[in-house]
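These notes are about the structure you will find just below.
Quick note on labels: first sequence line is chain A, next is B, and so on, each numbered from 1.
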Amino acid sequence: MRRVLLWLPLVLFAGLFGLVALGLFKPADRTVRSAMVDKPLPDFVLPAMLPTKPGVARTSFGGGKPRLINVFASWCVPCIAEAPELMKLKAAGVPIDGVAINDTPEAVQKFLDRNGDPYQRIGNDKTSQVQIALGSSGVPETFLIDGRGRIVRQYVSNLQSDQVDDILKAWRGMR
Amino acid sequence: MIAEGGLAALWLAAVMAVLQLIVASSAVIGGREDMARAVRPVAIAQGLLTGLAMLCLILVFVRSDMSVLLVAENSHSLKPMIYKIAGAWGNHEGSMLLWVTILGLAGGAVAIFERRLDQRTLNATIGAQALISMGFYAFLLFASNPFARLFPSPPDGNGLNPLLQDPGLAFHPPTLYVGYVGISVAFSFAVGALVTRDVGPAFARAMRPWVLGAWIFLTIGITAGSYWAYYELGWGGWWFWDPVENASLMPWLAATALLHSVSVLATRDGLRAWTIMLAVVAFSMSMIGTFLVRSGILTSVHAFAVDPKRGAFLLALLAIYIGGALALFAARIGTVRQGNTFALISREGALVVNNLLLSVILGIVLIGTLYPLAAAGWGVQLSVGKPFFDKTAGPVALALVVFIAIGPLLRWRRDEPQALLKRVTWPVAASCAALIVLVPFAWGVGLLPLAALVLAAGLAVASVAPLWGRNLRRTPLFIWGMVVAHLGVAVSLAGMASDSAFTKETLAVLRQGETRAVGPYLVTMTGIRPVVGPNWSAIAADLSIRRGEGGTPFMLSPQSRFFASPPTTTSESAIATRLDGQLYTVLGQPDGKGGWQVRLWWKPFVTLIWLGGALIGLGGALSFFGRIRRRKRAVYEEYEELAA
């Protein structure tokens with residue numbers, strides 16, 4: 001018995017080693033999930049960012065039509081990487097509204113001229129009020145809102161092409 | 001050229017380490033006398049060569065040689081000289097070089113000074129030391145070369161993180177490293193003793209100064225680090241249970257347990273297996289600490305560079321050393337002769353309980369630190385913070401305090417319960433008195449701080465009790481050391497409890513001329529002005545402060561500092577220290593309408609925390625010199641006997 005017990009520290013250490021190795025080689029998922037997923041959109045009204053497009057408000061959602069909200073900024077590099085994916089969604093007919101964080105009309109216009117404009121509306125969220133209300137912790141993030149005005153899915157960071165397929169499937173299913 | 005010289009010295013030192021292992025193992029296993037004679041010189045040569053490599057690195061930092069990648073990334077020609085020097089170890093590569101340098105110098109010191117340990121055990125120890133060094137040389141040379149060149153070289157460097165530009169912090173990492181490395185020497189002694197099965201008092205006496213020395217440095221390092229976090233971060237707290245803080249606390253807890261069990265082994269020849277186990281655990285904790293800090297797998301305010309390759313390398317070293325040592329332990333310890341036994345009520349008994357409680361706290365801190373990692377494995381994100389540690393480690397720590405008080409009042413081997421009861425009369429009376437005094441105005445502060453204050457009073461009296469009835473001038477220095485260190489625990493505990501029980505905090509927006517009260521103080525904002533320093537500029541608030549309406553006013557000027565390279569803002573708290581506590585002020589953001597956010601704390605007796613820490617370290621130092629003197633005398637007496 002005593003002989004077996006003497007090996008116990010080594011066994012405990014092996015467990016510790018396994019845990020630490022796991023942590024090292026499978027880094028923890030540090031994305032912040034929104035607590036608002038599966039909840040109705042909060043009430044908000046954002047003024048228009050550009051003179052050519054309307055702003056975004058809670059009342060723009062629901063009514064049986066699923067839409068996307070894309071939280072972005074002209075100063076955000078991953079947003080440039082994501083632009084082609086959003087354009088694909090637009091081409092497939094998905095309506096997208098933008099929420100621009102801490103930005104200016106001139107900068108946003110320049111960003112859209114350079115990277116394409118997937119948005120039907122763009123709201124000016126100067127102080128990140130709406131971003132926080134959505135439960136988004138950074139840019140870019142994309143939220144899928146169903147026809148009843150509920151947040152169905154959250155995509156953190158720039159959209160990947162497989163996520164685009166995922167969104168398209170879900171969006172078509174909801175229509 | 002200096003950089004190439006340093007790299008060459010590092011390679012040579014690595015070769016010496018390999019040679020040291022070969023020579024030592026053929027001496028121990030093969031019994032080769034000629035090889036045994038070479039062990040010491042090789043170990044000394046290794047120490048000198050690593051010292052040379054470190055010196056070269058410091059030199060390229062002093063000369064701001066921007067063609068060296070590490071200098072360009074971490075230094076700046078405008079930086080004050082002391083931070084240029086500190087910059088040499090204020091980064092990953094440099095700190096690892098510092099680690100092997102201290103390791104090499106320690107190995108050399110063992111070779112030079114250790115004369116009383118059995119020759120075979122000593123050679124095995126130096127061999128184990130070489131094995132540890134080799135791993136770190138490989139790590140440095142293959143995964144983090146500090147002397148890599150940068151071409152073309154930039155006109156100037158990136159600068160050192162401004163938070164680290166603080167005289168206290170320039171010496172914080174080396175202090176902790178000396179502690180870690182001292183523990184590694186203790187570990188090598190334990191491995192050496194396991195190899196030769198020679199686990200006895202002689203081995204314990206050889207190991208004790210290293211454990212004690214390491215423990216002193218860890219104590220100072222942790223105390224200083226805590227004070228640094230307190231005044232530099234501007235959060236008003238002194239311990240945040242941050243993974244990196246825990247990484248330094250865990251080896252300290254293990255070293256504290258080891259320190260006490262090695263004393264039992266040295267004086268009473270008891271606790272043989274347990275002492276070896278603790279030496280392995282203490283070293284594991286310092287390795288795990290280094291690994292957690294250096295691999296970046298835990299998120300922390302100390303966010304160092306995250307590099308999975310380096311993490312994997314350190315993890316492999318961890319597996320080889322700790323796994324190997326534990327396997328050796330399991331295979332060998334059964335064949336080590338049982339040491340002396342003792343009754344439950346005896347000083348050994350109290351020390352065993354103290355050891356167990358320290359181990360429980362260590363376990364709690366380890367679980368709390370690694371739990372987020374385990375939870376992440378199940379896909380759950382969480383962080384473990386102060387509430388968990390306070391609730392779990394707090395009560396165990398208080399139980400430990402009871403045994404710190406009782407332990408020194410017990411006799412070795414066996415004691416009578418009645419005699420003990422008589423000896424604890426005064427400490428218990430002190431605790432009762434403290435309870436009666438505190439209850440009226442500390443009732444609402446919570447059970448834990450109140451219990452801590454009451455126990456601190458009892459411990460303070462109990463800790464000086466071993467001096468009663470002694471001739472103070474003839475009391476050995478190590479008894480003084482124990483008394484001072486245990487008193488330090490009482491003092492520090494009182495500070496912690498007082499801080500958590502009685503602190504007053506005010507967050508205010510002040511315009512010029514406005515006044516706000518915090519604790520007994522009235523704080524008036526008299527102005528806001530710009531200040532310029534050597535490599536920073538700042539906004540400073542002038543606060544005129546009075547104690548009560550009629551007090552003499554004095555000024556405090558907390559600053560919000562802006563450093564240009566790298567661009568960072570830090571808040572410099574301004575602290576007024578009084579006999580009964582500290583007034584802590586921090587300047588925040590402007591509100592845009594002429595007001596400034598100001599954060600004020602009145603922290604009664606908070607300074608006792610670090611005063612206690614300093615006393616604990618001082619106690620260790622007294623004990624260290626007492627033991628060294630005693631050993632010198634013993635060696636001298638041996639010579640006398642031989643001569644006669």
Side-chain angles (χ1 to χ4, degrees), chain A residues 1-39 75-78 101-102 104 125-129 131-132 134-138 141 143 151 153-157 160 162-163 166, chain B residues 243 273-274 276-278 280-281 284-285 287-288 291-292 294-299 306-336 338 363 366-367 369-383:
Chain A
M1 186 61 202
R2 191 175 132 84
R3 292 214 76 110
V4 176
L5 271 182
L6 288 176
W7 291 92
L8 187 67
L10 187 62
V11 173
L12 285 177
F13 173 73
L16 188 72
F17 177 83
L19 173 64
V20 174
L22 186 77
L24 190 68
F25 295 112
K26 211 183 107 210
D29 177 13
R30 284 181 184 147
T31 52
V32 181
R33 308 252 166 259
S34 171
M36 295 299 291
V37 173
D38 285 336
K39 299 218 171 82
W75 43 263
C76 137
V77 179
I101 307 299
N102 191 12
T104 59
D125 191 10
K126 184 80 195 154
T127 53
S128 297
Q129 296 292 338
Q131 185 187 20
I132 292 168
L134 288 171
S136 149
S137 63
E141 283 192 24
F143 294 87
I151 302 175
R153 275 177 212 191
Q154 177 199 23
Y155 300 89
V156 178
S157 189
Q160 309 295 316
D162 56 324
Q163 290 175 321
D166 185 49
Chain B
W274 180 240
I276 295 279
M277 188 71 226
L278 276 178
V280 176
V281 167
S284 315
M285 288 305 146
M287 282 288 290
I288 288 174
F291 170 75
L292 289 181
R294 287 290 150 209
S295 67
I297 59 170
L298 293 172
T299 21
V306 179
D307 185 342
K309 188 177 142 207
R310 287 175 178 169
F313 209 118
L314 278 175
L315 193 61
L317 290 184
L318 194 86
I320 294 167
Y321 296 149
I322 310 303
L326 288 173
L328 187 66
F329 174 84
R332 277 289 165 97
I333 203 71
T335 63
V336 169
Q338 169 100 38
L366 185 65
I367 289 171
T369 308
L370 292 182
Y371 192 74
L373 204 60
W378 287 295
V380 182
Q381 281 182 73
L382 51 82
S383 65

side-chain contact (heavy atoms from CB on, under 4.5 Å) partners for B/Ala374, two or more places apart:
A/Leu19, B/Trp378

Holding to salt bridge (Lys or Arg N to Asp or Glu O under 4.0 Å), I want the full list of residues that pass it with B/Arg332, two or more places apart in sequence or in another chain.
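Scan of B/Arg332 (salt bridge (Lys or Arg N to Asp or Glu O under 4.0 Å), adjacent residues dropped) gives none.
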
Passing option when A/Phe13 is tested against B/Val281, B/Val280, B/Leu326 for side chain to side chain contact (heavy atoms under 4.5 Å, CB included):
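Of the listed options, the one satisfying the test is B/Leu326.
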
Close side-chain approach of B/Ile322 and A/Leu16, heavy atoms under 4.5 Å
no

What I'd like to find out is whether the side chain of A/Leu10 reaches to under 4.5 Å of the side chain of B/Phe329, using heavy atoms alone.
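When only atoms from C-beta onward are counted, B/Phe329 and A/Leu10 do not touch, as no gap falls below 4.5 Å.
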
What residue, out of B/Ala273, B/Gly334, B/Gly323, has the most heavy-atom pairs lying under 4.5 Å from chain A?
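Highest number of pairs under 4.5 Å: B/Gly323.
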
